[in-house]
J.: 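Quick one: the structure is below, questions incoming.
Each chain gets a letter, A, B and so on, in the order its sequence line appears, and its residues count up from 1. Atoms considered below: every heavy atom in the structure, side chains included; atoms not considered: hydrogens, waters and symmetry mates. What you are looking at is a predicted structure, and each value in this text was computed from that prediction instead of being measured.
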Amino acid sequence: MSDKKHIDRLFQEGFKDFEAAPSDAVWENIEAKLNQKEKKRRVIPIWWRYAGVAALLLLLLTVGGIYFDNTDSAQPTNKIVNTEDTTLPINSESEKDNPNNLDNIEKDNAIAKTDSSDDNKNEGLDNIATQKDLLSNQIITSKEASVAETPATLGNDSKIENSLSNSSSNKKQHAAANKLLDTEESSHTVANNLKEKNNSNGMVDDSKKNAVIADNPKEKRYVNPLQNTTAIASNIDSENKNHDNGIQKNKESLIDKEQAKKIIGDASENNHAIAKTEARNTDTAISDDSKKNSLTIEEAIDKTKDIIEEDDNVNRWSISPNAAPVYFNTLGKGSSIDPQLNSNSKSGELNMSYGISASYAINKKLSIRSGINKVNLGYNTNNIVSFQVVGVSSSSRSFQNVNSVKTSNVSNTEASSDNVFISGESLNANEIPEAFSTSNSSINQDLGYIEVPLEIEYALSDKKLGVNLIGGFSSFFLSNNRIFSDSQEGGRTFLGEANNINKISYSANLGLGLNYKVSKKIDLNLEPMFKYQINTFNNTSGDFKPYFIGVYTGFAIKF
Amino acid sequence: MSLNQLIENCKINDTKAQGELYKLFSSKLFSLCLKYSRNRVEAEDNLQDAFLTIFKKIEQYKNKGSFEGWLKRITINTVLQRYRNEKVFDIINENIIEDVELEVDEDTVSIDYLLKIIQELPDRYRLVFNLYVLDGYSHKDIADMLDINIGTSKSNLARARISLKETIENYKTMQSLQSL
């Protein structure tokens, strides 16, 4: 018969060895979702990595550009902005000037009546007056002459002379302007637009006259700043035509103050509009560009997707720890320490560089790599004579580019003693008093850097033994900077820090990479590299061109 | 391939290894899911979610404790996440019902039937009964896991037991009636 049993036991025993197989669909779903996730997980990082590399490149180039590029280039954009900026106030000023201008014009002999003050406005007015005068003469050529006369009556202001000579040599200036500035074109368009605008107002005659008005004060405003002369030139140019057409009507029309204001206002609006449309044009251009860019980015992502799907099992990434003996030397004869050591013999020192680098294979042939390395560099300047002077300031004998550290001897109760070093090349042995303790020594400069290379590897052969061509550049961050004196007796004294070493410097790298594929995952590398240093020292004497050679060995782990 | 190697390969998202791991543990974990779920379909859903979580979190597995225990915990958590939030009407008083006889005749009751009646329990009862009786968690653990208090856990367990017992007894009566 059946025994009574606690319900817990019933279930515990029942489920003890309970196993059930799920349907196959479950795994299929899991697999599908895993793949989805993997794709998502991998596409984004790769895009990020590309972006990272691009950003790094950009950063390095920018930094490099700031350091290397001392020439003032790429200013045109600024200048365009400037002209726009200047034309606007000019217009407003020309409006202001206009009443005066008209007042003056109403008076027949403006030259005589206007003040001979140094003020710009008055210059402008005077000139306008003279122009008006010459307009009434209806001879454009004589305008120049009369203008040339005005300075005499007006006084000695050089600015006035300047302005007058400017207006008298319209054409020359125009020609010169072509060479001078890019902004000329923009002011041309301003002038052209002015004309067009005026024409469209349907007041052909008036507008021409008014254009003259608008131009005249503007011209005067323009005169002083040299940059603006081009604008003047173009304005004057257009003005001349107007003169030809509207000379007779000028007198009466100039009096038409209201209209003049209005047109000038229009003109200034026009200028505004020009500026705006230009801005908008550039905006749209930019947005077009950016559209293109975004498109290409998407395409790039698609491509990367494709690539991933195509060769999912290729090991694109590798990390390689490396170490290298590096030999530092200079191509030229100079010295980084002191000019007097230029002709001393120098010998490079063998040091170590070690670090780790990561590389990403863009395709079968090309890979890009970066990393971080600790580099120690050193070289010796030989044939240095050092002697001790007691209690004498040695500043005159210390090296030019060394911040010396006082090597005062603690046990020495005497006054501080300093070592004085001079080049043995230029020294006669008997010049040194025997009383001094002298010794032959060498100066050892010791530099430590953190190196961040960015290099491209091109595979010439990718057999079992691969051969690569490596090129790129490195950024160096100074971490150690010391100068020692090594005496023949074996003593080593810390002299100080070199003060002419840049905190950040660069090198151009070129090398040959040999790699032996041990397994699918591991390569052995041997890379002789030549690195030509740029911007290492900011003040070297003679022809000091440092470089170093390193034979980098290591292994790469691919994944 | 050893289990450890398999785990390592799963950590680097090796699809083959993931398949192997699934083959090794899917039945065990599926039985777990069946007990905790309302029906087979939901159990399969839960198993799928559990494995996705496992593959996602396998990196975090540091070889501490048994791997199977780790898998089970993840599976149970996955299931709990699904049912924990579904409200159970606790209108019944939570006093622990004592002195109820919980002995049933030991007859051959098929495992399928046991599973069926467990699945038919209200969510909370099913979870508590499973956790306490079949997977050995304490009321304290259960209270933490389900975000309820210990008293509720005990009460739920008692009600689950009574419910199961009644179901089984009814079933047996029905059977004996039928056989008559």
J.: Is the count of non-hydrogen atoms from other residues, nucleotides or ligands lying under 6.0 Å from B:F67 atom CZ greater than 12?
T.: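 Correct, the count exceeds 12.
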
J.: Decide if atom OH of B:Y132 counts as having more than 12 heavy atoms of other residues, nucleotides or ligands within a radius under 6.0 Å.
T.: no

J.: Can you name the closest pair of heavy atoms from A:A20 and B:S31 and give their distance?
T.: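 For A:A20 versus B:S31, the nearest heavy atoms are N-CB, 4.1 Å.
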
J.: At a heavy-atom separation under 4.5 Å, does B:L157 approach chain A through its side chain, its backbone, both, or neither?
T.: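 Neither; nothing under 4.5 Å.
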
J.: Please lay out, stage by stage, how B:I12 and A:F559 fare under the test side chain to side chain contact (heavy atoms under 4.5 Å, CB included).
T.: CA-CA 10 Å; B:I12 54 168; A:F559 56 90; over 6 Å; no

J.: Hey, which of B:Y22, B:F25, B:F51, B:F30 is the one that makes ring-ring contact (aromatic ring centres under 6.0 Å, His included) with A:W27?
T.: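 For A:W27, the ring-ring contact (aromatic ring centres under 6.0 Å, His included) test succeeds with only one of B:Y22, B:F25, B:F51, B:F30, which is B:Y22.
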
J.: Below 4.5 Å from any heavy atom of chain A, which atoms of B:I118 appear? Answer side chain, backbone, both or neither.
T.: side chain

J.: Starting at CD1 of B:I168, measure out to CZ of A:F11 and round the result to the nearest 0.5 Å.
T.: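 Nearest 0.5 Å value for the CD1-CZ distance: 4.5 Å.
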
J.: Out of curiosity, B:F55 CZ to A:E31 CD, how far, rounded to the nearest 0.5 Å?
T.: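 It is 9.5 Å, given to the nearest 0.5 Å.
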
J.: Mark yes when over 12 heavy atoms from residues, nucleotides or ligands other than B:Y113 sit less than 6.0 Å from its OH; otherwise mark no.
T.: yes

J.: Using the side chain to side chain contact (heavy atoms under 4.5 Å, CB included) rule, take A:L34 and B:T15 through it: C-alpha gap first, then chi angles, then the decisive distance, then the call.
T.: CA-CA 8 Å; A:L34 282 175; B:T15 324; 5.8 Å; no

J.: Within a 6.0 Å radius of atom CG on B:D147, are there more than 12 heavy atoms belonging to other residues, nucleotides or ligands?
T.: no

J.: From A:I7 CD1 over to B:R161 CZ, what is the distance, rounded to the nearest 0.5 angstrom?
T.: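 It comes to 9.0 Å.
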
J.: Any chance you could measure A:K33, atom NZ, to B:K56, atom NZ, to the nearest 0.5 Å?
T.: 12.0 Å

J.: May I ask you to check whether over 12 heavy atoms, not counting those of A:K464, lie within 6.0 Å of atom NZ?
T.: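 Yes.
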
J.: Using a cut-off of 6.0 Å, state whether more than 12 heavy atoms not belonging to A:F477 lie near its atom CZ.
T.: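 Count over threshold, so yes.
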
J.: Can you check whether B:L114 reaches A:F18 side chain to side chain, under 4.5 Å on heavy atoms?
T.: no

J.: Counting distance only, does the side-chain N/O of B:E44 pair as donor-acceptor with the main-chain N or O of A:S23 below 3.5 Å?
T.: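 It does hold such a pair.
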
J.: Answer with side chain, backbone, both or neither: which region of B:K23 has an atom nearer than 4.5 Å to a non-hydrogen atom of chain A?
T.: neither

J.: Going from NZ on A:K16 to CG on B:L134, what distance comes out if it is rounded to the nearest 0.5 angstrom?
T.: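 Here the rounded value is 13.0 Å.
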
J.: More than 12 heavy atoms of other residues, nucleotides or ligands under 6.0 Å from NZ of B:K16: is that the case?
T.: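 12 or below, so no.
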
J.: Are there more than 12 heavy atoms of other residues, nucleotides or ligands under 6.0 Å from atom CD of B:E59?
T.: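 No, CD of B:E59 has 12 or fewer neighbouring heavy atoms, counting only those of other groups under 6.0 Å.
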
J.: How long is the span from the CD1 atom in B:I111 to the CD atom in A:E19, to the nearest 0.5 Å?
T.: 11.5 Å

J.: Heavy-atom cut-off 4.5 Å, strictly under: side chain, backbone, both or neither for B:L164 against chain A?
T.: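 Both the backbone and the side chain of B:L164 come within 4.5 Å of chain A.
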
